[in-house]
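Read the structure below first, then the notes.
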Amino acid sequence: MLSDVTPRRAILLILLVATATILGAWIFEYAGFTPCELCLKQRWTYYAVMLVSAILVLVPKPSDQMMRYGLMLLGLIWISSISFGVYHSGVEWRWWPGPSTCTGTGALSDGLPDLTKPVVMCDTPALRILGLSLAGWNAVISLGMALVALAGLRRQGSSSVSQ
């Protein structure tokens, strides 16, 4: 199935999935699941992916080189998102320590917290879906999108971008 993905379709799929994922995160937040510090930082990769893929989609006739570099950049962004999702999931499962400002007892070594904001601990998942927290799902989605970028890149190398 991924062998049939053209570079343009890969970028469109990446843009669609990234946008849907961010919209889903905003819906969960609106429903009362306040994101922690690490959750908010994980969103930055999605914003970057949306920007890069939107630029690539809006260019009328992108060159092969532009598509190749764009897909490489998208793949690297997704790989960084995978690592961040795995890191945050490990913090939630207590496999390793997270930032001292949002795990355990919420140490006050950096001073008093901002009392106008709710305290959300990074080591306590707000929600699990099919056994995975949203950080875990971020890693899964990011892996899928990295594979889509790779498939588009492989297809781009073997055929014309005009498909």
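Remember, it's a predicted structure, so these values are computed and weren't measured experimentally. Side chains included, hydrogens not; waters and symmetry mates left out as well; all remaining heavy atoms used.
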- prompt: Is any side-chain heavy atom of Leu13 closer than 4.5 Å to a side-chain heavy atom of Val5?
  reply: no
ask   = Taking side chain as C-beta onward, heavy atoms only, is Glu29 less than 4.5 Å from Thr34?
value = no
Sorted by chain and residue number, the side chain to side chain contact (heavy atoms under 4.5 Å, CB included) partners of Thr45 (sequence neighbours excluded) come out as Ile77, Ser80, Ser81
Of all heavy-atom pairs linking Ala18 and Val49, the shortest is CB-CG1, 3.9 Å
Kindly indicate whether the side chain of Ile14, heavy atoms from C-beta on, has any atom under 4.5 Å from the side chain of Met145. yes
Quiz item: Mind checking whether Cys36 and Met121 have side chains closer than 4.5 Å, heavy atoms only?
Solution: no
On a heavy-atom basis, the closest approach of Thr124 and Arg94 is OG1-NH2, 4.1 Å
Below 4.5 Å, heavy atoms only, C-beta onward: do Leu74 and Leu56 meet side chain to side chain? yes
| Are Tyr46 and Val57 joined in one hydrophobic group, where the rule is that I, L, V, M, F, W and Y side chains link up if heavy atoms are under 4.5 Å apart? | yes
CD1 (Ile11) and CE (Met67) are apart, to the nearest 0.5 Å, by 3.5 Å
Using a 4.5 Å side-chain heavy-atom cut-off and chaining through intermediate ILVMFWY residues, the residues clustered with Trp137 come out as Phe28, Phe33, Leu127, Ile129, Leu130, Leu132, Leu134, Val140
_Any Ser133 side-chain heavy atom under 4.5 Å of His88 side chain_ = no
Do the side chains of Leu147 and Leu76 join up, straight or via other hydrophobic residues, at under 4.5 Å, putting them in one cluster? no
Closest non-hydrogen atoms of Cys122 and Val91, given as atom of the first, atom of the second and distance, are O-CG1, 3.9 Å
Residues passing the ring pair (Phe, Tyr, Trp, His ring centres under 6.0 Å) test with Tyr47, sequence neighbours excluded, are Trp44
CE of Met50 to CG of Leu15, rounded to nearest 0.5 Å, is 7.0 Å
* Step-by-step side chain to side chain contact (heavy atoms under 4.5 Å, CB included) determination, Tyr87 to Glu92 -> CA-CA 9 Å; Tyr87 168 72; Glu92 291 173 339; over 6 Å; no
Side chains of Leu12 and Leu16 in contact at under 4.5 Å (non-hydrogen atoms):
no
Exercise. Looking at side-chain heavy atoms only, is the closest gap between Pro99 and Leu38 below 4.5 Å?
Worked result: yes
Heavy atoms of Ile82 and Ser142 approach each other most closely as CG1-CB, 3.5 Å
- Does Leu143 offer a backbone N or O that forms a donor-acceptor pair with the side chain of Trp78 under 3.5 Å? no
- Quick one: does Arg68's side chain have a donor or acceptor within less than 3.5 Å of a partner on Leu153's backbone? no
The reported gap from CD1 in Ile22 to CD1 in Ile27 (rounded to nearest 0.5 angstrom) is 11.5 Å
**Message:** Could you see if Val17 belongs to whatever hydrophobic cluster contains Trp26? Use Ile, Leu, Val, Met, Phe, Trp, Tyr and a side-chain cutoff under 4.5 Å.
**Reply:** yes
Rounded to the nearest 0.5 angstrom, the CE-CG distance for Met66 and Leu73 is 11.0 Å
